[in-house]
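In what follows, every heavy atom counts, from backbone to side chain, and hydrogens, waters and symmetry copies are set aside. Below, chain A is the first sequence line, B the second, and so on; all start at residue 1.
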There are 4 protein chains.
Amino acid sequence: MINVSIVGATGYAGEELIDLLLGHPEIKITHVSAKIDKPQDISGLFPRFMNRLDLTCNLPDPEEIAAKSDLIFLALPHTVSMEMVPKLLKPGKRIIDLSADYRIKDIAVYEKHYNVRHTDTAHVKDAVYGLPEIYRQKIKGAALVANPGCYPTVAILALAPLVSSGAIEPDSIIIDAKSGVTGAGRKLAEGFLFSEVNEDFKAYRVNAHQHAPEIDQELSNASGKPLKVTFVPHLLPLNRGILATVYVKKAHSSKPIAHGLINLYKEFYKGEPFVRVRQEGDFPRLKDVLKSNFCDICVKEEEGSVIVVAGIDNLLKGASGQAVQNMNIMYGLSETLGLL
Amino acid sequence: MINVSIVGATGYAGEELIDLLLGHPEIKITHVSAKIDKPQDISGLFPRFMNRLDLTCNLPDPEEIAAKSDLIFLALPHTVSMEMVPKLLKPGKRIIDLSADYRIKDIAVYEKHYNVRHTDTAHVKDAVYGLPEIYRQKIKGAALVANPGCYPTVAILALAPLVSSGAIEPDSIIIDAKSGVTGAGRKLAEGFLFSEVNEDFKAYRVNAHQHAPEIDQELSNASGKPLKVTFVPHLLPLNRGILATVYVKKAHSSKPIAHGLINLYKEFYKGEPFVRVRQEGDFPRLKDVLKSNFCDICVKEEEGSVIVVAGIDNLLKGASGQAVQNMNIMYGLSETLGLL
Amino acid sequence: MINVSIVGATGYAGEELIDLLLGHPEIKITHVSAKIDKPQDISGLFPRFMNRLDLTCNLPDPEEIAAKSDLIFLALPHTVSMEMVPKLLKPGKRIIDLSADYRIKDIAVYEKHYNVRHTDTAHVKDAVYGLPEIYRQKIKGAALVANPGCYPTVAILALAPLVSSGAIEPDSIIIDAKSGVTGAGRKLAEGFLFSEVNEDFKAYRVNAHQHAPEIDQELSNASGKPLKVTFVPHLLPLNRGILATVYVKKAHSSKPIAHGLINLYKEFYKGEPFVRVRQEGDFPRLKDVLKSNFCDICVKEEEGSVIVVAGIDNLLKGASGQAVQNMNIMYGLSETLGLL
Amino acid sequence: MINVSIVGATGYAGEELIDLLLGHPEIKITHVSAKIDKPQDISGLFPRFMNRLDLTCNLPDPEEIAAKSDLIFLALPHTVSMEMVPKLLKPGKRIIDLSADYRIKDIAVYEKHYNVRHTDTAHVKDAVYGLPEIYRQKIKGAALVANPGCYPTVAILALAPLVSSGAIEPDSIIIDAKSGVTGAGRKLAEGFLFSEVNEDFKAYRVNAHQHAPEIDQELSNASGKPLKVTFVPHLLPLNRGILATVYVKKAHSSKPIAHGLINLYKEFYKGEPFVRVRQEGDFPRLKDVLKSNFCDICVKEEEGSVIVVAGIDNLLKGASGQAVQNMNIMYGLSETLGLL
């Protein structure tokens with residue numbers, strides 16, 4: 001059994017991690033913590049865990065956490081993770097960090113988009129970006145995995161085969177993404193009140209969202225040259241899920257794609273346990289991926305352009321599910337264990 | 001034209017009042033105010049009023065409000081109204097208060113259930129309970145109208161004919177009420193976040209809600225002797241509306257109700273513009289009354305008991321619509337003006 | 001491995017069964033069928049099962065089903081089950097029937113409320129009512145389990161301890177129940193269209209629902225004498241879950257309940273893996289039980305009366321989860337296998 | 001008073017028309033009809049109209065309708081309108097047709113996209129496309145107004161200023177549109193059941209929607225040369241409203257737009273009562289336009305491209321509200337009468 005701690009257990013991603021790990025046969029949750037006023041039974045915080053997990057949620061104490069765990073999940077807000085990480089790496093613990101703090105390699109870009117100074121730049125370089133479909137080999141041996149953002153996960157998986165193929169204009173990428181409300185975390189702001197979100201729909205941070213540089217970084221890597229996407233996120237009046245509709249221009253010079261686009265995708269994701277390339281015309285809807293770790297993708301070729309629709313559950317493949325997938329890889333377990 | 005002010009314009013009831021009064025042919029909104037950080041255009045606060053209302057929302061100043069208005073709507077939280085009322089009554093203004101501060105005649109009961117000292121007991125006695133179906137004559141000449149609570153409105157209208165008739169056991173009344181989220185106001189609490197309320201449903205303040213004594217007071221008046229209801233409110237994952245299902249035992253001694261229950265209700269509400277007694281078996285659903293000032297009621301007689309289902313829009317007949325109805329009565333206008 | 005078939009795989013309960021059984025370590029789904037126009041891959045019908053279940057859904061053929069299965073789940077509409085059951089019992093198969101056809105022992109009552117003639121009365125007597133908390137011993141050896149209805153499950157669990165204790169007036173029971181839309185099955189009727197249900201709420205079949213006699217039957221058994229409940233179901237604008245608020249009068253003659261009501265419930269459900277009796281004042285909300293097989297119950301004692309609030313997921317403890325629980329009991333497996 | 005009939009009164013657009021016209025001071029609804037099994041009181045079909053409209057809904061009889069009306073609203077499915085129109089134009093009645101039958105000038109294009117033969121091509125030429133912001137002068141004298149589709153209304157209003165200015169690449173237009181469920185009408189299909197739509201989101205008819213040629217036609221007119229848009233509609237889990245996010249490339253040769261994009265839009269829509277151009281960065285959300293006839297638009301200039309976000313209520317500016325606006329224009333009434 002692997003002993004794991006969850007820091008930030010009271011947020012949506014932390015709650016989802018508990019739920020997943022309780023069903024995982026090789027894991028024992030030994031410690032849960034969060035920024036709370038006073039220690040509280042996890043079943044008092046979340047009655048759904050009554051009779052399932054008998055632990056008290058405390059304020060996070062790095063020493064105690066290190067003592068009790070082999071692996072630590074940090075489900076913390078951005079900028080809080082970077083305070084915790086060095087204290088847990090030092091005693092040799094392995095970490096999967098769900099915040100943005102270690103995802104972006106260019107510190108200046110991070111600092112600009114998150115509007116904060118990075119205080120643990122030393123570990124950014126060694127952190128492995130936890131997208132198994134791209135970095136599986138590196139994840140295996142990683143001490144620190146930077147679990148991807150929810151929008152970047154779906155955007156990168158939707159575009160990596162196209163961008164790598166060289167068949168498209170790299171600067172033509174438009175990502176029109178729509179996310180459920182848990183994507184923003186359990187945040188107490190008027191904009192997330194039920195009566196504000198329900199029966200409403202809106203674009204926000206129009207082409208100015210902090211996830212854009214993360215997408216740019218990874219698609220630039222895939223492309224081999226720097227590119228910048230147009231990225232407009234929208235808020236859906238539902239709890240979970242992200243669906244992205246992506247528009248790209250084909251490269252002027254491009255030859256017809258051999259065997260078609262769908263085959264390009266099927267080839268790229270061959271053997272991947274959690275990416276399902278759908279048949280022509282069979283566009284995924286959110287329901288197909290909710291409560292699962294799958295990313296479903298469908299591609300349509302138009303004259304001169306390509307449309308991609310891809311969907312994930314933002315709390316699973318977009319956060320906690322992917323974190324568990326990374327854990328399985330790090331510990332040499334079956335990659336789907338506890339996730340199917 | 002009657003000049004009106006709205007104090008507390010940024011809450012749901014205040015917003016709804018603006019919307020209603022903009023469509024009212026005899027009203028000019030001359031002033032809007034609320035507890036805000038700095039003055040702001042009402043169309044900045046609510047883009048839906050852009051090109052419709054050109055006023056700045058300020059902090060409420062009683063002197064300025066009195067100077068600009070014939071009638072003032074107070075859409076304020078409980079306990080804030082009682083500070084404002086004396087300052088506006090003194091210069092002879094008429095007031096419709098949407099808070100609970102002047103609804104309950106027994107000061108001790110108010111203080112117990114709202115957990116606060118009443119600082120304007122002098123005006124409680126003269127305030128008229130603004131339920132037109134019961135107090136229309138008194139409302140006409142009132143200086144201060146205490147606009148009923150949303151749950152009490154639907155509960156009293158659902159039960160007044162039965163209770164007055166003497167045909168039921170007064171202590172057998174059970175009110176199982178379900179309300180949309182705007183009933184709680186624009187309140188920043190975790191329990192009202194979208195992801196908490198959506199796909200959820202719960203009972204709250206089980207037989208311990210502060211609206212119970214208001215219902216007790218008015219049904220006791222209707223009954224002629226003191227009674228206490230069992231009242232359990234529930235939170236619906238939708239924006240607007242209250243539906244109450246009410247259960248009562250028939251009096252042991254009661255004779256059959258002449259011409260039946262539905263006729264009893266039809267007779268009681270004869271000529272009422274905003275109460276619709278539905279045919280047998282035609283139970284109202286929320287949609288029938290949403291965005292309207294109607295209260296729809298259906299009654300079903302069982303062996304030994306009676307079931308009543310009644311519905312209103314909590315922001316209209318349960319708050320702002322009823323306030324406008326009261327205004328129409330106070331100023332001798334057609335009672336339905338601006339409401340149909 | 002136990003080989004199981006699901007008949008009626010395209011409804012909500014059938015879909016949920018597939019999902020549960022795919023995660024059950026002792027089960028192999030060998031056959032799925034439904035009333036469909038032409039055979040279709042299950043992953044074509046439900047893309048969520050893509051890469052998870054590789055079976056074709058056919059029209060149900062009793063012979064084929066019997067040949068391929070040890071146990072058969074019938075997730076069929078009422079009256080369709082009774083045609084299938086005799087054909088599957090004959091070759092010695094065990095059956096868990098999720099329809100109402102074998103739940104009601106009094107054929108006349110069944111025929112009146114379901115408005116149909118029963119054509120397999122012979123097997124009604126031997127069928128075991130599949131509520132483990134009451135009938136666990138009988139379920140173990142049953143050939144045919146009549147899986148309880150969703151409303152009856154929550155109503156009976158909420159009331160059995162009280163009714164058995166003799167502390168209440170048996171004819172005073174009022175059950176005000178609220179259900180999500182999947183409770184009605186995947187039914188193509190205008191009343192279940194999104195724009196009709198969303199932002200709406202209504203009572204339906206007011207004290208005339210076909211689940212009432214099922215509740216009456218089981219609570220009469222628990223009480224030792226015949227009783228009739230008042231039962232009003234309501235339709236919630238959400239996908240899953242039932243919450244019931246129950247009102248009962250205490251018996252006039254009743255002595256104070258020793259150690260209190262909550263202890264009465266805790267004692268009654270001692271050792272039950274899927275009933276959680278909540279602490280005083282800690283009323284369950286739907287979220288606490290969604291996606292789980294738990295029934296959460298809280299009780300509140302008032303002067304002269306008792307209020308009970310209980311919740312389940314209608315597709316799990318109210319249908320497919322309870323069916324799997326029954327299967328675990330029938331096959332001597334751990335009762336929680338595949339359900340936690 | 002103008003006597004009006006509504007044909008197709010039982011659909012969402014028909015219901016909305018009744019609601020609007022009941023509040024219109026210059027209109028008397030003299031007749032309502034629909035394809036129904038037997039004549040029925042409108043208040044039986046829609047309890048919300050109880051005590052507000054005392055008419056029986058009949059099967060549509062062109063002679064009776066012509067006899068009772070000055071103006072007829074046809075809120076009928078596509079292809080049903082073209083059977084009715086000639087019969088009502090002949091006796092000299094004026095018509096506002098909410099179907100697609102008279103919107104598309106090129107019969108071949110209509111027949112291809114609606115998959116049907118057009119049987120009244122004679123009147124297509126004379127029909128005026130009822131978008132007041134473009135065709136106000138022609139609408140004044142029109143006998144037959146083809147009321148625009150919901151998606152085309154928001155798409156054309158979002159793009160007309162840009163397209164007319166010549167500042168963009170005409171073939172670069174991408175319209176990612178999201179609509180509430182009433183946009184599909186009161187259609188009995190599994191895809192519109194509550195449990196299917198709720199908590200789901202999907203793209204549909206990806207770049208193959210029948211509204212695309214209508215958008216192409218009008219934007220080609222605005223541009224002065226033929227263009228084709230990329231148009232991907234999505235289904236939102238909410239009742240009303242369309243929000244479109246539009247992406248366009250600036251023309252390579254284009255000079256900087258004098259005074260900026262927002263001024264271009266403000267100039268274009270100067271004096272328009274129902275188009276509100278929002279300030280920079282103040283992107284509209286659905287709530288801003290729901291239950292109103294407004295179209296709100298915000299534009300953002302990026303390097304080389306432009307992003308436009310625009311929203312309407314699909315049942316008002318996208319259907320019945322625009323129809324009433326057209327009626328006001330046709331009869332020389334104030335354009336906002338009954339709409340503010």
Side-chain angles (χ1 to χ4, degrees), chain A residues 12 15-16 19-20 22-25 41 43-53 182 194-195 198-200 237-241 266 269 271-279 281-298 311 313 315-316 336-340, chain C residues 12 15-16 19-20 22-25 41 43-53 182 194-195 198-200 237-241 266 269 271-279 281-298 311 313 315-316 336-340:
Chain A
Y12 290 122
E15 182 186 350
E16 197 73 23
D19 194 45
L20 284 172
L22 284 176
H24 194 293
D41 279 355
S43 67
L45 288 163
F46 299 112
R48 59 183 288 210
F49 295 131
M50 203 176 151
N51 294 9
R52 295 179 63 202
L53 181 63
T182 52
F194 180 84
S195 305
N198 185 44
E199 297 297 289
D200 194 22
L238 50 80
N239 286 349
R240 303 164 70 115
K266 290 203 166 168
Y269 290 121
E272 282 302 335
F274 291 118
V275 177
R276 297 186 295 205
V277 179
R278 306 281 290 261
Q279 294 305 322
D282 184 28
F283 292 97
R285 49 195 284 212
L286 274 192
K287 289 221 178 210
D288 300 342
V289 295
L290 288 186
K291 297 275 171 182
S292 91
N293 199 47
F294 286 105
C295 176
D296 280 17
I297 308 176
C298 190
D313 186 318
L315 290 180
L316 289 165
T336 62
L337 208 60
L339 290 171
L340 275 189
Chain C
Y12 291 121
E15 183 185 351
E16 196 74 22
D19 195 45
L20 284 173
L22 284 175
H24 194 293
D41 281 356
S43 67
L45 288 164
F46 299 113
R48 57 184 289 210
F49 295 131
M50 204 176 151
N51 293 10
R52 295 178 63 202
L53 180 64
T182 53
F194 180 84
S195 307
N198 185 43
E199 297 297 290
D200 194 22
L238 49 81
N239 286 348
R240 303 163 70 116
K266 290 204 165 167
Y269 290 121
E272 283 302 333
F274 291 119
V275 177
R276 297 186 294 204
V277 179
R278 308 279 291 260
Q279 294 305 321
D282 185 26
F283 293 96
R285 49 196 283 214
L286 274 192
K287 289 225 174 203
D288 299 342
V289 295
L290 288 186
K291 297 274 172 183
S292 90
N293 198 49
F294 286 106
C295 176
D296 280 17
I297 307 176
C298 190
D313 186 317
L315 290 179
L316 289 166
T336 62
L337 208 60
L339 291 171
L340 274 189

Problem - Segment of C/N198 engaging chain A (4.5 angstrom heavy-atom cut-off) - result: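 When you check distances to chain A, only side chain atoms of C/N198 fall under 4.5 Å.
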Handout entry: Segment of A/D282 engaging chain C (4.5 angstrom heavy-atom cut-off)
Key =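 Neither part.
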Practice task
Name the member of C/K287, C/Q279, C/E199 that forms the most heavy-atom pairs with chain A at distances under 4.5 Å.
Solution key: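 Among the listed options, the one with the most contacts to chain A is C/E199.
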Exercise for the section: Among C/M50, C/R52, C/R48, find the residue that satisfies the side-chain contact (heavy atoms from CB on, under 4.5 Å) test when tested with A/F294. Expected result: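 It is C/R52, the one option of C/M50, C/R52, C/R48 that forms the side-chain contact (heavy atoms from CB on, under 4.5 Å) with A/F294.
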Problem - Inter-residue atom distance C/N51.CG - A/D296.CG, 0.5 Å rounding - result: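 Reported to 0.5 Å precision, the distance equals 8.5 Å.
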Exercise for the section: Please name the pair of heavy atoms, one in A/P47 and one in C/R276, separated by the smallest distance, quoted to 0.1 Å. Expected result: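 Taking A/P47 first and C/R276 second, the nearest heavy atoms are O-NH1, 3.4 Å.
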